[in-house]
K.L.:
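Got a structure for you, questions after.
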Amino acid sequence: MAEPEFLLSHHAINACLAPLYSVEGMHVITVEGIGSNKAGLHPIQESLARLHSSQCGFCTPGFVMSMYALLRSSKEPPSEEQIEENLAGNLCRCTGYRPIIEAFRVFAKTNNALYTKTSLQGISTGEFICPSTGKPCSCGPQAGSSEKESIEKNLRNGCGWKPFHNETDGTTYTSKELIFPPELLLRKLTYLSLSGSNGLKWHRPLKLQHVLDLKARFPDAKLVVGNTEVGIEVRLKRILCPVLISVAHVPELNHIRVEDSSLEIGAAVKLSLLVDVLKKVRDERPEYETSSCRALIDQIKWFGGTQIRNVASVGGNICTASPISDLNPLWIAAGAKFCIMDCEGNVRTCLAKNFFKGDSKVDLGSSEILLSVSLPWNRPFEFVKEFKQSHRRDDDFAIVNAGMRVCLEEKHRKWVVSDALIVYGGVAPFSFAASKTSHFLVGKNWNKELLHGALKILGEEIALKEDAPGGMVEFRKSLTFSFFFKFFLWVCHQMDGQPSFIEKVPASHISAVNSSLQPYISSVQDFEIKKQGNSVGSPEAHLSSRLQVSGEAEYLDDGSTPPNCLHAALVLSEKPHARILSIDDSGAKSSTGFAGIFLAKDVPSNNKIGAIVADEEVFATEFVTCVGQVIGVVVADTHENAKLAARKVQVEYEELPAVFSIEDAIQANSYHPNAERRLNMGDVEQCFQSGQCDHIIEGEVRVGGQEHFYLEPQGTLIWTVDSGNEVHMLSSTQAPQKHQEYVSHVLGLPMSKVVCKTKRIGGGFGGKESRSAFLAAAVAVPSYLLDRPVKLILDRDIDMKITGQRHSFFGKYKVGFTNEGKVLAFDLRIYNNGGNSLDLSLTVLEGAMLQANNAYDIPNMRVYGNVCFTNLPSNTAFRGFGAPQVMLMVENWIERIGLKVNKIPEEIREMNFVSKGSILYYGQKVEDCNLGRVWNELKSSCDFINAQKEVENFNRHNRWKKRGIAMVPTNLGISFTTKFVNQAGALIQVYTDGTVLVTHGGVEMGQGLHTKLAQIAASSFNIPLNAVFISETSTDKVPNASATAASVSSDLYGAAVLDACEQLKARMEPIASKNNFSSFAELVSACYMERIDLSAHGFFVTPDIGFDWKSGKGNVFRYYTSGASFSEVEIDTLTGDFHTRRADLLVDVGFSLNPAIDVGQVEGGFLQGLGWFALEELKWGDKAHKWISPGYLFTSGPGSYKIPTLNDVPSKFNVSLLKNAPNAKAIHFSKAVGEPPFFLASSVFFAIKNAIKSARMEAGYNDWFPLDNPATPERIRMACTDEFTRLVVDSDFRPKLSV
């Protein structure tokens, strides 16, 4: 360091929330700065690339920088706990997180050799020391083995370590770490007064007096430190903040002092620093004094992510006065005092409990600022405890939280409450001090009589209206009881052993007191390598992984903006169903940077579009049929100006009746035309009536939808060539051909003059299959008419609101079965919520109907389906394409049969499996089936019988924590269910240097498609994999390509690539046979000299498939991919919190083309499925959610819609691929892998239900109970009926769900 007093630290922050002015004088490091493919990768990047930790790659730079900041700021190698906690603010939708953790776990080591150039061999023993564990390990290079062979063995053995090296020079990279720029060391901070866009003023004072002076000049100015709240207000809530005062560098606001009576905390102190100080204080002072400190430490752990805590301040969180603030209830409960200063220097103090006046309202005048917080030390026998329940454990807002304090004193050999304060968040417009309950406690003995009395008063004191914002009223109220009960038990536990304290906590209740500390993630990936040629079957890294980890991989919005480019924003409907009376665009036209507005009248050719049926309009004409329907498009010089202008367009409506739910649609007979389908085998009615069935059950199942949440939002860039004679576009889409078709149709150009290209996309999952194309159609209009490039990138909230989701389903079933549990007849009626256009809803419905048996052989089946028309944005394809929804219905009644015949559900499943030779209800004969083998191998490897006994034993001894297990199969048919779509083309071009360029119709979206196809080409030509390159997908190279979907792309395009390779080899063979060439390059050059055509187009159609919906019979699928999963969960019955203790998966993928990629697909699919089954809930403005505006999507961003985080990964996560199981019906004996693992996460859902069942039985409820997905904490808690839920609802209460 240049100066001893200069403290250098590295912090990861959210770039999207950090104003550029806030980092003035700092050294900003991005992923591009720490390593590159040309200069060499950083070890962090290298580890991610080599351990298959990047799929679509869009999230990868964020993970890299989070880990980089941790390593640079750590004085010693971080622990596994620190690494996992540090990544809590990072989201990934592809990988399932496991490979990311394993890549970073290398750095949580005991051996420093990776950071030096010393040997990793044990010094005395000669054993190899694993950098990941610090112990002798077989993961090092073996004698006689290549590095690649050693790495492959490590992957199979579950050890994730691989050596780091820079491929440029072969040396370690770490000597090249960036230093803090010397010029910044010499530079002194100065007062800043800067201007920004739209008149923004940014001030950075360096002294408290400067802050006061500015506050006097600008009384309405916002004080900011991390901008984590103001940034959200400005970006998403569109609140104008014309003057911002950054107080991050004001010493008087950044102090922390330990005083005799309290801890004094400056208002600008960042939460990460506060935690460090609290931990230090906790360890140094008497334990009784720091009860408040420990509560704050535990609560801040779940406050945002590391990137937020690194910049968010104590005062900012307080003054925001959010009703769900995690910390304000604790400040109040702990008796904290706030020190307040006005512009004249006058100081006053205010108790925290008197500071909050309402939602975002505090006792702070316009001329005052919060100076500091005084946190008093606790007294002997004073206990402070924090509570929080959210949708998701990590990085989530509270549904309800609490801070509770009680002080006990001994009087007459009894422990009496001398002081108490109970405070809740999430039950009122501000942090609510339950004063009546608190007063009741004072003077009472701490015993069960106090508990029951307090609960009664609490129920009267906390009143939530039925339509209270946020909903979940019953759950929120039940949490207030649960939290107080937990607090009561916790205090009893703390007092255990004190003289005269007789209120003991029963051993079975201790689990309510102990927090569930999830252990570090451990995992095994077990697979065999079946090499075919030199590359196929090898666990090669994703071809773009090194570009992705270095931030060099380009996505749509990364490319250079063309000259003269305009930016687009959509004018969207604000009503779910209405007639458009008028459109006033005068405000938009006067907006800064405005370049044009385009409506239906401006469409050059045809305004009608649709994926299958043209029932949509590019721009609405007379009617709008959902909130978010496109009415027009505005273009301007910048993205922000376009959005601002679009918001100024005023549309006048005449509102019309709207339908939102499936059940309302059924009642209103609201269906899409010609969308009914029927399938039938055997005689269902006769079987029900004949007496063959010992039991017949009927029921209904509601299945929730799911947001795709691809991390790269929808976007397209369109430009004209030759003054509009041609149109070209770059799009983030799974279906470039669909973009080409829509744009051609709307502009009236032949498809041969429209080109769509896609390099890679940052996730798709079906959401960019058809619903991306209408955006291209809208953007094409201004680009064509203005003859200028136009770019549209949707903001996350707009993307989620308008582009559709996984279909919600409603099903009615009737099932007949024997006393043994053998299913004889199954009648099913299903409906999906199609939204306001048909899109792919009918094919999704058909896909569901064709998987309506899941994995079971049922002799008599009848399936009816229909697509509901509702006034919601059109729903669309999503991983599984209808199959998971109907499979969930099936498994629901399988569980119910088990209860009826007194058998575990796994027994019912086993006895009803399909097998080789089974004739399914749509007429297809099962020719190959490994389902039974998969099931039995998994049942053995997970030791199901013993696991069941251990769970039962745990549940016997624990009243408030319960565990559950479940084992579930899947048997997914593979093919597009529409025959003509099952075709693929590929273009192979061989160059004279022996390298090969492959172009095909599929899109790389993280699933490793390009990598697998390159391996096929490399093996076919017997050349190194790095001699094969795949650049992009383009409609002018391979025409008429089907969408990359249905898990069949490797099958289709792999076979097309192989066909082209075989053609080329046949052409080259006469030349090759005449000479003994030393290399492929020599052979190619010789062929070139002989004028051999070195370009070939390959083509493939899936054979032996075809289905007729009129007869309901045919061979729909080429083959089936089967799998099974075992899961064990633990739930907190008082709050609904849960975690997955273990998940074991076994999937039949034939001879894997690339087992490392396939394992990644299994893990990623499983965790995405876990999100759908247990976390991710869509909340629409419908009858179930009256507090949301009609037709609006409330869960329209990461703040309200929660996908799984690293904390949701099973603690033990084991994935195996079935061995020795070749599939003769696909390329190189492989099988599809993308979609089948998704449903395997249902084992978590049914394990949760199994745990709930145990809790209900202990409370005396033994009957069947419904559980809708997702099994959120609300649904788990309210299903665990007990004395606390009965204070709020009956035992049959069912939380609301948008379906």
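Any value given below was found using the heavy atoms of this structure, including those in side chains, with hydrogens, waters and symmetry copies removed.
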K.L.:
Taking the six-membered ring of W1109 as reference, does the cationic atom of K979 (NZ for Lys, CZ for Arg) lie under 6.0 Å from its centre and within 45° of its axis?
P.N.:
no

K.L.:
As a test of understanding, state which of E654, E652, E655 forms a salt bridge (Lys or Arg N to Asp or Glu O under 4.0 Å) with K575.
P.N.:
E655

K.L.:
For E574, does the CD atom have more than 12 heavy-atom neighbours from other residues, nucleotides or ligands under 6.0 Å away?
P.N.:
no

K.L.:
Among Y813, W893, Y921, which residue satisfies the ring-ring contact (aromatic ring centres under 6.0 Å, His included) criterion with F826?
P.N.:
W893

K.L.:
Ring-plane angle category for W1187 and H1185, please: parallel below 30°, perpendicular beyond 60°, tilted otherwise.
P.N.:
perpendicular

K.L.:
For G610, does its backbone N or O pair with a side-chain atom of D615 as donor and acceptor, under 3.5 Å?
P.N.:
no

K.L.:
Any side-chain heavy atom of Q885 sitting closer than 4.5 Å to one from N832?
P.N.:
no

K.L.:
Between K768 and S732, does any side-chain donor sit less than 3.5 Å from a side-chain acceptor?
P.N.:
yes

K.L.:
Is a side-chain donor-acceptor pair under 3.5 Å present for E616 with S837?
P.N.:
yes

K.L.:
So which heavy atom on E707 is nearest to which on Y1201, and how close?
P.N.:
N-OH, 2.8 Å

K.L.:
Under the 6.0 Å and 45° cation-pi test, does K812 pair with Y831?
P.N.:
no

K.L.:
Taking all non-hydrogen atoms of both residues, which atom of A1271 and which atom of I1276 are closest, and how far apart?
P.N.:
O-CD1, 3.4 Å

K.L.:
For F774, what residues pass the ring pair (Phe, Tyr, Trp, His ring centres under 6.0 Å) criterion, not counting sequence neighbours?
P.N.:
none

K.L.:
Do the numbers put R879 on top of the ring of F765, so that NZ or CZ is under 6.0 Å from the six-membered ring centre and no more than 45° off the axis?
P.N.:
no

K.L.:
Would W1172 and F1238 count as a ring pair (Phe, Tyr, Trp, His ring centres under 6.0 Å) if you check the C-alpha gap in whole Å, the side-chain angles of each, and the deciding distance to 0.1 Å?
P.N.:
CA-CA 9 Å; W1172 181 58; F1238 182 92; 5.7 Å; yes

K.L.:
Between C626 and L872, what is the shortest heavy-atom contact and its length?
P.N.:
CB-C, 3.5 Å

K.L.:
Take N836 and T625, measure what side-chain hydrogen bond (donor to acceptor under 3.5 Å, both in side chains) needs, and give me the verdict at the end.
P.N.:
CA-CA 6 Å; N836 73 327; T625 51; 2.9 Å; yes

K.L.:
Examine the side chains of S573 and Q629 and answer whether a donor and an acceptor come within less than 3.5 Å of each other.
P.N.:
no

